[in-house]
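Heads up, the thing below is written out as structure tokens.
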2 protein chains.
Amino acid sequence: MIQSPVWRSPITASDRVLAEIQQAIVAGEIPAGSKISEPELARRFAVSRAPLREALARLERCHLIERTPNAGARVVTLSTAGLRSLYEIREELEGLACRLAAEHMADDEIADMRRLLDQHLQEQRVREGESYYQEAGDLDFHYRIIFGSKNQYLINILCDELYYLMRMYRVQLGMNGPRVSRAFDEHKAIIQAIANRDGELADLLMRRHIAASRRHIEIQLQQMGK
Amino acid sequence: MIQSPVWRSPITASDRVLAEIQQAIVAGEIPAGSKISEPELARRFAVSRAPLREALARLERCHLIERTPNAGARVVTLSTAGLRSLYEIREELEGLACRLAAEHMADDEIADMRRLLDQHLQEQRVREGESYYQEAGDLDFHYRIIFGSKNQYLINILCDELYYLMRMYRVQLGMNGPRVSRAFDEHKAIIQAIANRDGELADLLMRRHIAASRRHIEIQLQQMGK
DNA sequence: ACTTAGCAGATTGTCGACAATTATAATTTA
DNA sequence: TAAATTATAATTGTCGACAATCTGCTAAGT
């Protein structure tokens with residue numbers, strides 16, 4: 001199993017406050033663009049400034065805050081331009097992940113994924129169009145493929161460094177909505193291609209899948225008048 | 001100009017030791033795979049453990065060290081598998097950078113790059129086959145294209161997080177050698193495609209360019225008997 | 001002789017305080 | 001009145017020391 005440098009299980013105080021601040025930022029509890037005060041956060045989470053600074057360093061790694069020397073840190077500001085930048089990279093790297101997964105995933109891993117997908121299908125029939133599926137199921141799907149690539153750096157970039165920022169966009173700009181059944185079909189086609197060891201096709205399908213998701217988000221943003 | 005979270009100009013003590021340790025690791029002065037002792041490094045670079053730990057956190061971000069909680073940090077070990085993982089990502093992302101650069105680079109930026117390339121050509125005729133060109137010229141070329149993409153996350157990933165590891169492989173596994181003139185021609189073709197605003201072609205050419213570089217390295221490694 | 005339990009040593013994580021730098025506001029001057 | 005300047009205040013960067021945890025060795029027991 002690969003050791004994740006940003007999330008190792010929350011045993012130390014630094015890990016705990018990291019998880020709490022991450023959640024607070026993603027949820028918008030600490031507003032986007034606001035300045036971060038180290039003493040204030042230290043009091044709020046009942047730790048010293050040493051573990052807090054370590055947590056801030058890792059938050060910077062996740063692109064959730066931006067620091068300038070001797071001038072403090074600010075929570076990132078969300079923008080449509082930033083979202084597009086993020087998805088440009090995501091499209092490319094998850095396509096690569098598909099190609100590598102088709103090459104490196106073990107047969108039983110693929111079988112596991114199909115079982116998982118069938119399980120999601122049953123749940124989906126019950127809670128039709130609920131956004132919870134989009135959260136858990138979609139992410140689980142993408143996670144498994146990324147880990148299936150067996151490429152350590154790829155896993156780090158997608159699951160550690162860019163993941164929380166993507167979630168922040170999802171939560172704060174309100175990207176729920178249906179598109180579930182179509183996404184589900186796309187997921188199934190991607191798995192099928194990987195099972196056939198057709199990396200090129202899986203790559204293509206994943207790029208389309210993410211591009212479709214991006215268009216969906218852009219439309220939703222336009223309707224919000226952003 | 002984009003603020004780089006890992007290299008902001010070395011004004012603080014943390015930045016200074018970061019730069020020194022980076023150089024020491026890349027050069028192999030601190031051996032690959034060796035365990036890192038915080039008190040020892042603190043004495044060696046004449047700083048307290050606080051800025052040293054901040055530097056270590058950023059070294060981890062560059063994939064130059066690996067930390068396990070309550071058990072210390074180790075310098076990464078180099079391997080052909082790791083090198084391949086690195087180049088898989090590099091190929092993908094620098095291809096994307098080309099496509100975006102063809103879209104976003106200003107005309108004078110492109111003109112600047114052509115001047116730079118002509119300048120390299122003149123230097124190259126003088127010191128034929130010298131490995132210094134490969135270092136400075138090649139990197140400068142790739143840097144400019146990456147920055148030309150105007151994608152902040154792409155710039156961070158390629159120029160901050162993966163750059164030093166690539167240099168480490170270059171230095172320690174001895175990737176010098178000629179291949180200069182061919183690389184130069186490839187560079188020129190890529191610029192031409194960007195100038196023509198043909199992102200798709202620039203993408204393809206850059207992927208080939210990097211793939212060729214990878215094959216060259218793999219052959220060299222095989223000859224070394226690694 | 002081998003395994004296991006306990007102990008010693010060292011290392012990492014955390015804390016509170018001090019020093020250096022920067023942002024802010026009041027004050028002075030043109 | 002507005003701009004420049006100084007002084008104050010708050011924040012960040014750094015330091016040395018203490019506490020919690022892990023590693024390796026010693027010693028006892030089976």
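The sequence lines fix the lettering, A, B, ..., with proteins before strands; numbering per chain opens at 1. Only heavy atoms go into these numbers, but all of them, side chains included; no hydrogens, no water, no symmetry mates.
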(message) Closer than 4.0 angstrom, basic N to acidic O: yes or no for B:Asp160 and A:Arg61?
(response) no
(request) Inspect the contact between B:Arg214 and B:Glu94 and indicate whether a charged nitrogen and a carboxylate oxygen are less than 4.0 angstrom apart. (result) no
(request) Measure from NZ or CZ of B:Arg144 to the centre of the six-membered ring of B:Phe147 and say whether it is under 6.0 Å with the direction within 45° of the ring axis. (result) no
(message) Are the side chains of B:Arg44 and B:Glu20 in contact, using a 4.5 Å heavy-atom criterion?
(response) no
(message) With a 4.5 Å cut-off on side-chain heavy atoms, are B:Ile146 and B:Leu93 touching?
(response) no
Roughly, in whole Å, what's the span from [atom1] in [X] to [atom2] in [N]?
| X | N | atom1 | atom2 | result |
| --- | --- | --- | --- | --- |
| B:Glu38 | C:dT11 | CD | P | 10 Å |
| B:Glu40 | C:dT12 | CD | P | 10 Å |
| B:Leu52 | D:dG13 | CG | C1' | 14 Å |
| A:Arg67 | D:dT11 | CZ | P | 16 Å |
| A:Arg43 | D:dA10 | CZ | P | 12 Å |

(message) Under 4.0 Å, counting only non-hydrogen atoms across every strand here, what does B:Ile36 touch: a base, just sugar-phosphate, or nothing?
(response) sugar-phosphate
(request) Tell me, please, which residues at least two apart from A:Tyr153 pass ring pair (Phe, Tyr, Trp, His ring centres under 6.0 Å). (result) B:His63
(message) Please encode protein proximity along nucleotides 14-21 of chain C as a string of B, S and -, counting only heavy-atom distances under 4.0 Å.
(response) BBBB---S
